[in-house]
Amino acid sequence: MTFLFSRRRFSVVLFLIFAMSTAALAQPTTGGPGADFSIRQVTWTDAENNPVAPFSDYGVLQVTTIEPQLGQVLWVNASINGEWVLQNAPLIEIDGEGTQQSYFYDLPLPILPGFPIPELPIQVEITPFELVGPPVTPPLMLPVQETFYYPGGVARDGQPLLPVIPTAPAQIISLPFLPVWETAHRAGVPGVSEEKNHCAPGAWARSIAWMNDEYCFELPDDCDEAQELYESLATEMGTTEADGTSTEPANDKDGLEEVVADKDLGDKVTVVHRTDLSDPAPTPSDLFDALARGCDVVSYVGWLNAAGDRVNGHAVTVVGAIRCGTTIRIFYRDDVEGDDDQGDGDADDGVKTKTFEAGGPTGYRLAGLPNNQWEGFMALCPTLETVLNSIIKDVLDSVSLTPSATPGDPTDPVVTTLLDLAYRIRDNACRLTLHAQDVTPANPDAVALAFCLKEQAIELVLLAQFLSEDPALDTIDAMLALLDSMQSKGEEFEAITTPTGEPEFVRGDCNGDGSVNIADAIGLLNLLFAGGSITCADACDTNDDGSINIADAIALLNTLFGGGTIPGPSTCGPDSTPDGLDCDVYAPCP
């Protein structure tokens, strides 16, 4: 889902909340409230974990803390010896349920590469507003742990996969200071244990497993878990430990489409392929928009050597993003960084984050890393019907569960399930509004209903939260009344957006150019008196009496110049009154 906020209003609202806790957030708090911090020093390796750039100046700051509330953004800053090493890096909700999350941020280490750092004094601060200067909190003396990094497994044109060696020092990354931002997130994306060079099937296994839960695909029990899907995807994509997965030729796309077809998902999702070789090439904002619309997105990067030649590539599952103007920072999951390692037998854990910047052979690259090029993304996108069906199913499940809830008991399984359902309904209602606006031509009634459902879904989340906190029984009555209204609006939305099989047209648009104006009256008179032709008789039957005659021209002219009205449909739709007229072709409607 997507949110747009005014920073001034947001900062004022949150200042009182965080004024007393900011100091606590900036301190190590193992065993207490706040955040925990740790630092890793990256050793770059080949596929067999042999070091190729030991003890580099690339560092990783792990921040383990309670995720912010829905739509809120916190800002992480860190300095060493008074110099910024992490500047205004966003921290967003991941599951959207106030759970503890681990976030991993790249930062430069103040050392010469090749030497280990036993410990490091670092000042860290998490605030609800961006800082204009580096943190001034007391430094924390943190031990530094070596971490091994082999970010590979995506090949092109049959090239061998070579290790990635840093070609430039690590850099400080920051987002621009802007008054507004947007966020999008994925709640509950599962982990996958990947073999070496299996990042692509791992990335898509997370995606399909998440979509199965989010959109109620009801995959068979033997193929609904991420790890089970991973095995199928690796086979269909032709992925091996030696050669990884090829994106050119597009074995990843072909394999994904094969799995989609095999699981009978072809009527529920579409595969969107937007690589750097597409025309037009994608931008990071295209990735953000796909994520906001409910698509699950896998992003690709190619690694370059000192000569600028591509030597390897990587694929990750995007689980969140923030957009500040044209700058996009993604949050993602893979099995190669932080606590994760391909081939260790453990599923990935925690969320990594990178920022896009302009540059590189393809126009965009990941900031702060060695030479690389962004190679676009693929997205698995739910259809409008899929999103709507998920909302209606979750609403009906909530209706059946709500009467048995115990108000005021946050440990009641029914209460926690209702809260989970409310979060999912809210997310999908936000996506439905985007889908409704994307339909060409847009149906204003459908758009209005979608926005109404979105507002009700946000209210439903508040009621579900209140249900877990307050023992008053009237909360149940309020939830049932709201759910009943949402069910009705969902069914109404379905009725006006489901194709009927009948030809669709706009009444009065006799010449079929997509608008109703004087040209239609001229065309109608030409048909009646000069032997003209039409392709949609229903559109010319202006008064909807089942025949075409001079009365239709009079009705149309009265509508245009005399303040009269004509029957619908006024937007693309079928004829609601059966008659002997036909509509063979009406190009403006699908």
Side-chain angles (χ1 to χ4, degrees), residues 44 58 106 149-171 173-176 197 199-200 203-204 207 237 243-254 256 271-291 295-318 321-332 334 336-337 352-381:
W44 301 77
Y58 285 80
D106 298 329
Y149 190 28
Y150 171 71
V154 174
R156 273 190 170 182
D157 300 320
Q159 67 177 150
L161 296 176
L162 301 177
V164 181
I165 300 175
T167 56
Q171 302 169 7
I173 305 164
S174 65
L175 287 178
N197 287 327
C199 55
W204 282 114
S207 290
M237 291 180 176
D243 300 321
T245 307
S246 172
T247 59
E248 194 65 34
N251 291 353
D252 59 334
K253 177 178 179 289
D254 295 342
L256 175 62
V271 177
V272 177
H273 194 229
R274 297 292 307 277
T275 74
D276 59 296
L277 303 176
S278 303
D279 187 16
T283 68
S285 277
D286 293 329
L287 182 154
F288 183 95
D289 290 339
L291 197 71
C295 304
D296 218 54
V297 176
V298 168
S299 183
Y300 293 87
V301 62
W303 304 108
L304 312 176
N305 62 18
D309 300 319
R310 189 186 191 278
V311 296
N312 211 319
H314 190 38
V316 300
T317 309
V318 182
I322 181 170
R323 175 161 59 189
C324 293
T326 59
T327 301
I328 310 291
R329 188 176 185 114
I330 60 170
F331 296 77
Y332 64 90
D334 66 5
V336 301
E337 187 183 7
K352 294 90 173 185
T353 177
K354 299 285 189 293
T355 297
F356 291 110
E357 67 179 4
T362 62
Y364 296 95
R365 62 191 175 203
L366 301 181
L369 288 171
N371 286 3
N372 72 86
Q373 60 184 19
W374 184 53
E375 296 179 348
F377 66 94
M378 278 209 300
L380 202 58
C381 298

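Just so it is clear, the structure is predicted and the values come from calculations on it, not from any experiment. Position 1 is the first residue of the sequence, and the numbers go up from there.
Annotation: the span from H314 atom NE2 to S299 atom OG amounts to 9.5 Å, rounded to 0.5 Å. Between atom OG1 of residue T362 and atom CD of residue E375 there is a gap of 7.0 Å, rounded to the nearest 0.5 Å. Atom CG of residue L369 and atom CD of residue Q171 lie 9.0 Å apart, to the nearest 0.5 angstrom. Taken to the nearest 0.5 Å, the CD1 atom of I165 stands 13.0 Å off from the CG atom of L304. Here the CD1 atom belonging to I322 is positioned 6.5 Å from the CZ atom belonging to F331, to the nearest 0.5 angstrom.
Judged purely by distance below 3.5 Å, without hydrogens or angles, the side chains of N371 and T167 pair a donor atom with an acceptor atom. D296 and S207 share a donor-acceptor pair across their side chains, judged by distance under 3.5 Å alone.
Nearest approach of A281 to D286, heavy atoms of both residues: O-OD2, 4.5 Å. Taking every heavy atom of both residues into account, A315 and V154 meet most closely at N-CG2, 3.9 Å. When every heavy atom of Y300 is checked against every heavy atom of F377, the shortest pair comes out as CD1-CA, 4.1 Å. Residue G153 comes nearest to N312 through the heavy atom pair N-OD1, 3.0 Å, listed as atom of the first residue, atom of the second, then distance. Nearest heavy-atom pair across P282 and G376 is CG-CA, 4.0 Å.
Between T283 and Y364 the shortest side-chain heavy-atom distance falls below 4.5 Å. By the 4.5 Å heavy-atom criterion applied to side chains, P370 and Y58 are counted as neighbours.
Side-chain atoms of S246 come within 3.5 Å of backbone atoms of P249 as a donor-acceptor pair (strictly under, hydrogens ignored). Remark: the backbone N or O of P280 is not paired with any side-chain donor or acceptor of S278 at under 3.5 angstrom. A donor-acceptor pair under 3.5 Å is absent between the side-chain atoms of D254 and the main chain of N251, judged by distance alone. Between the side chain of K352 and the main chain of D334, a donor-acceptor pair closer than 3.5 Å is present. Counting only distance, with no hydrogens or angles, the side chain of W204 and the backbone of L256 share no donor-acceptor pair below 3.5 Å. Under a 3.5 Å cut-off, the side chain of N372 and the backbone N or O of L366 do form a donor-acceptor pair. Formation of a donor-acceptor pair under 3.5 Å by the T353 side chain with backbone atoms of I330 is found in this model.
Partners of Q159 by side chain to side chain donor-acceptor pair (under 3.5 Å), not counting sequence neighbours, listed by chain and number: R310. When the salt bridge (charged side-chain N to carboxylate O under 4.0 Å, His left out) test is applied to E357, the partners found at least two apart in sequence or on another chain are R365. Listed by chain and number, the residues in a side chain to side chain contact (heavy atoms under 4.5 Å, CB included) with N197 are A47, Y150, L161 (sequence neighbours excluded).
Ring geometry for W44 versus Y149: interplanar angle of 30 to 60°, hence tilted.
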*Please step through side chain to side chain contact (heavy atoms under 4.5 Å, CB included) for the pair R323 and S285, ending with a clear verdict.*
CA-CA 8 Å; R323 175 161 59 189; S285 277; 3.5 Å; yes

Would R329 and F356 count as a side chain to side chain contact (heavy atoms under 4.5 Å, CB included) here? Give the steps. CA-CA 6 Å; R329 188 176 185 114; F356 291 110; over 6 Å; no

After noting the C-alpha distance and the side-chain angles of F288 and I328, does the key distance pass the side chain to side chain contact (heavy atoms under 4.5 Å, CB included) rule? CA-CA 8 Å; F288 183 95; I328 310 291; 4.2 Å; yes

### Message
Go through it in stages, so that I can follow the logic: the residues are V298 and V316, the test is side chain to side chain contact (heavy atoms under 4.5 Å, CB included), and I'd like the CA-CA distance, side-chain angles, deciding distance and then a yes or no.
### Response
CA-CA 5 Å; V298 168; V316 300; over 6 Å; no

